[in-house]
Amino acid sequence: MPKNVSKKTFYVTTPIYYINAKPHIGHAYSTIVADVLARWHRNLGEETFFSVGTDEHGAKIAEASEKQGLPPKEFADIMSEKFRECWKLLNIQYDDLIRTTETRHKESVVSFMQELYKRKFIYQAEYEGWYCKGCEKFLTEKELVSGMCPDHKRPAEWIKEKNYFFKLKKFLPKIQQMICDGDMQIVPKKRENEVLSLLKQNLPDFSVSRQNVRWGIPLPFDPTQTIYVWVEALQNYISILGFSTTAAQQGERFQKFWPADVQIIGKEISKFHCIFWPALLLALALPLPKKFLVGGFFTFDGQKMSKSLGNVLAPKTLVERFGVDGTRFLLLSQFPYGEDGDIALAGCVERYNAHLADNVGNLVSRIGTMIQKYLQGRIETHPEKQIILEETNKSIEERFSALMARDQIQEALLSLFEASTKLNQHIEEVKPWKLAKTHPTILKQHLLSWSHTLHVIGRCLAPFLPNTGERIQRAFRGPEFQNPGILFPKIS
RNA sequence: CGCGGGGUGGAGCAGUCUGGAAGCUCGUCUGGCUCAUAACCAGAAGGCCGUGGGUUCAAAUCCCACCCCCGCAACCA
């Protein structure tokens with residue numbers, strides 16, 4: 001192997017999750033999408049890095065922990081662990097998880113901020129205004145509704161404090177250009193338009209520190225202040241790679257994987273990720289992420305999930321009912337990535353049965369049975385005789401790959417179920433139960449082809465439904481049929 | 001005028017950017033098949049595409065006005 005040929009790399013990130021609440025279905029969705037991309041690129045043979053993380057600083061966390069009578073760090077330990085458990089439950093194969101309270105993160109951030117300061121992109125100014133602890137940000141007079149934050153329905157506080165500001169304005173034109181030139185993609189298009197319109201509004205510089213928040217990382221050049229939680233949290237995407245401004249301490253991972261190929265985010269945080277984050281990176285002359293995939297919102301039975309309505313959907317609830325792969329399927333197949341989507345339990349049962357139990361699950365059963373019955377369980381390789389569905393198999397994989405390459409994740413997944421339906425139709429035309437009596441040799445050829453088709457479907461399915469994909473592949477790999485059993489029991 | 005999404009056969013949605021014979025999944029009805037998880041396959045019924053106006057040979061699709069739903073990430077914020 002030639003020494004200098006470096007393998008293609010792929011770096012995908014999930015949003016950094018704020019730990020003030022337990023993981024919900026929205027967290028699960030973004031993370032599963034990232035997991036699918038990571039698994040897919042691993043299968044393509046690329047050297048893949050998949051990061052997840054938890055955001056643990058800020059006034060809100062301090063407040064929440066106090067309410068529970070715990071030190072913030074202990075509270076963070078408990079909450080962060082819940083996310084970890086959730087990813088385990090959902091079979092998320094991440095490479096590393098970073099917590100913003102970890103030393104490696106803090107060191108990385110400190111070196112970053114110090115460098116910004118050194119390069120004179122940070123200046124000091126007095127700031128006063130209405131502050132909402134819920135948003136962790138200052139609100140304009142216009143945004144307030146009778147003195148309350150409209151989002152959080154709590155009174156804003158008038159705060160006057162010394163702050164350090166980042167020279168955001170300086171970088172806005174460059175960011176705009178990068179987006180327009182396609183060097184930093186924002187998908188879907190409507191989210192890109194939103195970001196571009198924000199850029200045109202000539203955003204003011206933003207503050208990067210807080211004087212009155214103690215639960216945070218001290219600002220290296222003024223330890224009386226802590227770093228604004230958002231500014232610090234964004235840097236998890238590089239601190240996890242071991243970023244440092246000191247060459248000697250620079251992580252190998254950073255060299256290898258930055259810039260990120262895909263950053264999965266939600267539309268509510270696109271301003272921070274598509275404007276503030278790139279600006280910070282530009283300030284240190286670092287390359288920008290290549291692509292943001294911006295997800296939509298979830299509703300449950302057409303309504304916002306809320307505790308008062310008693311309709312909060314925990315990932316665990318779905319997993320208990322539909323299994324891990326069932327849950328992954330339901331979340332990924334319901335709507336195209338980037339759209340808002342509704343999850344209804346009744347619809348879930350319906351889609352689970354229609355696609356998983358009756359379509360793919362049943363197809364695997366019927367072909368498996370025939371292989372045992374008509375071929376005595378032998379899937380022998382006769383390449384010259386397996387041409388019947390070669391074209392079909394090739395097109396299944398090509399179509400799937402093309403959709404994946406265009407980030408059409410839902411469509412790619414559903415294309416496999418269309419393939420399964422086509423195979424069902426084909427079986428009906430061929431009438432194997434008749435061939436068994438009249439032309440057993442032809443039947444054998446068909447069965448070998450069908451096994452191959454299922455093997456292809458299993459391979460494509462694997463990034464989405466890892467367990468199922470593996471079971472299907474193992475079953476039809478040959479030479480001996482491995483009965484996978486019932487993949488998806490029907491649910492009533 | 002905070003921002004954004006949406007109103008298409010019984011249900012859930014695609015189609016709207018780039019006008020040109022209304023599609024998909026589920027459900028319902030009828031028929032077929034028996035290898036299969038009461039599954040699979042074929043066919044049928046069912047829609048003046050939120051309302052009103054406009055542009056056009058032609059509008060679900062473009063323009064204007066209006067009505068109605070919903071969300072802004074979250075666990076007592």
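In what follows, chains carry the letters A, B, and so on, assigned in the order in which the sequence lines appear, proteins first and then strands, with residues in each chain numbered from 1. All figures in this text were calculated on a predicted structure; none of them were measured in a lab.
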NE2 of A:His355 to CD of A:Glu350: how many Å apart, nearest 0.5 Å? 10.0 Å

In Å, rounded to the nearest 0.5 Å, how long is the span from OG1 of A:Thr226 to CD1 of A:Ile217? 9.0 Å

Base, sugar-phosphate, or nothing: which does [X] touch, judged by heavy atoms less than 4.0 Å apart?
X        : result
A:Lys422 : nothing
A:Thr421 : sugar-phosphate
A:Phe488 : base
A:Lys490 : base

So if I take every side-chain heavy atom of [X] and compare against [options], which nucleotide ends up nearest?
X        : options                : value
A:Ile486 : B:rU37, B:rC35, B:rC41 : B:rU37
A:Asn424 : B:rC41, B:rU37, B:rC33 : B:rC41
A:Arg191 : B:rG4, B:rA74, B:rU37  : B:rG4

Measure from [atom1] on [X] to [atom2] on [N] and round the result to the nearest Å.
X        : N      : atom1 : atom2 : value
A:Ile269 : B:rA74 : CD1   : P     : 10 Å
A:Asn353 : B:rU37 : CG    : C1'   : 10 Å
A:Leu454 : B:rC35 : CG    : C1'   : 13 Å
A:Asn483 : B:rU37 : CG    : P     : 10 Å
A:His426 : B:rC41 : NE2   : C1'   : 14 Å
A:Leu447 : B:rC35 : CG    : C1'   : 9 Å
A:Leu423 : B:rC35 : CG    : C1'   : 12 Å
A:Met370 : B:rU37 : CE    : C1'   : 14 Å

Answer yes if the side chains of A:His446 and A:Tyr374 hold a donor-acceptor pair under 3.5 Å, and no otherwise. no

Any side-chain donor paired with an acceptor under 3.5 Å for A:Gln376 and A:Arg378? no

Same-atom distance ([atom1]) from [N] to [M], integer angstrom:
N      : M      : atom1 : value
B:rG5  : B:rA14 : C1'   : 16 Å
B:rA45 : B:rG10 : P     : 15 Å
B:rG71 : B:rC33 : C1'   : 48 Å
B:rG4  : B:rC64 : P     : 16 Å
B:rU55 : B:rC63 : P     : 15 Å
B:rA60 : B:rA22 : C1'   : 8 Å
B:rU18 : B:rU61 : C1'   : 11 Å
B:rG32 : B:rU37 : P     : 22 Å

Reading RNA chain B 5' to 3', how would its secondary structure be written in dot-bracket notation, given Watson-Crick and G-U pairs with both distances under 3.5 Å, brackets [ ] for crossing pairs and | for partners on other strands? .(((((((.[[[[.)....(..]]]].(((((.......))))).....[[[[[..)....]]]]])))))).....

On RNA chain B, more 5' by nearest nucleotide between A:Arg351 and A:Thr369 is A:Arg351

More than 12 heavy atoms of other residues, nucleotides or ligands under 6.0 Å from CD of A:Gln177: is that the case? yes

Got a salt bridge between A:Arg366 and A:Glu428, using NZ or NE/NH1/NH2 to carboxylate O under 4.0 Å? yes

Is the closest basic N to carboxylate O distance between A:Arg399 and A:Glu418 below 4.0 Å? yes

Is a side-chain N or O of A:Arg328 found less than 3.5 angstrom from the main chain of A:Leu90, in a donor-acceptor match? yes

Are the side chains of A:His57 and A:Thr101 in touch, meaning some heavy atoms are under 4.5 Å apart? yes

B:rC40 phosphate, OP1 or OP2: any side-chain N/O from A:Gln425 under 4.0 angstrom? no

A:Lys431 side-chain N/O to B:rG32 phosphate OP1/OP2 under 4.0 Å: no

In residues 355-365 of chain A, which residues come under 4.0 Å of RNA chain B by heavy atom? A:Ala357, A:Asp358, A:Gly361, A:Asn362, A:Ser365

A:Phe166: which of A:Tyr228, A:Trp277, A:Phe276, A:Phe171 passes ring-ring contact (aromatic ring centres under 6.0 Å, His included): A:Phe171

Would you mind listing every side chain to side chain donor-acceptor pair (under 3.5 Å) that reaches into residues 462-476 of chain A, with sequence neighbours excluded? A:Asp325-A:Thr468

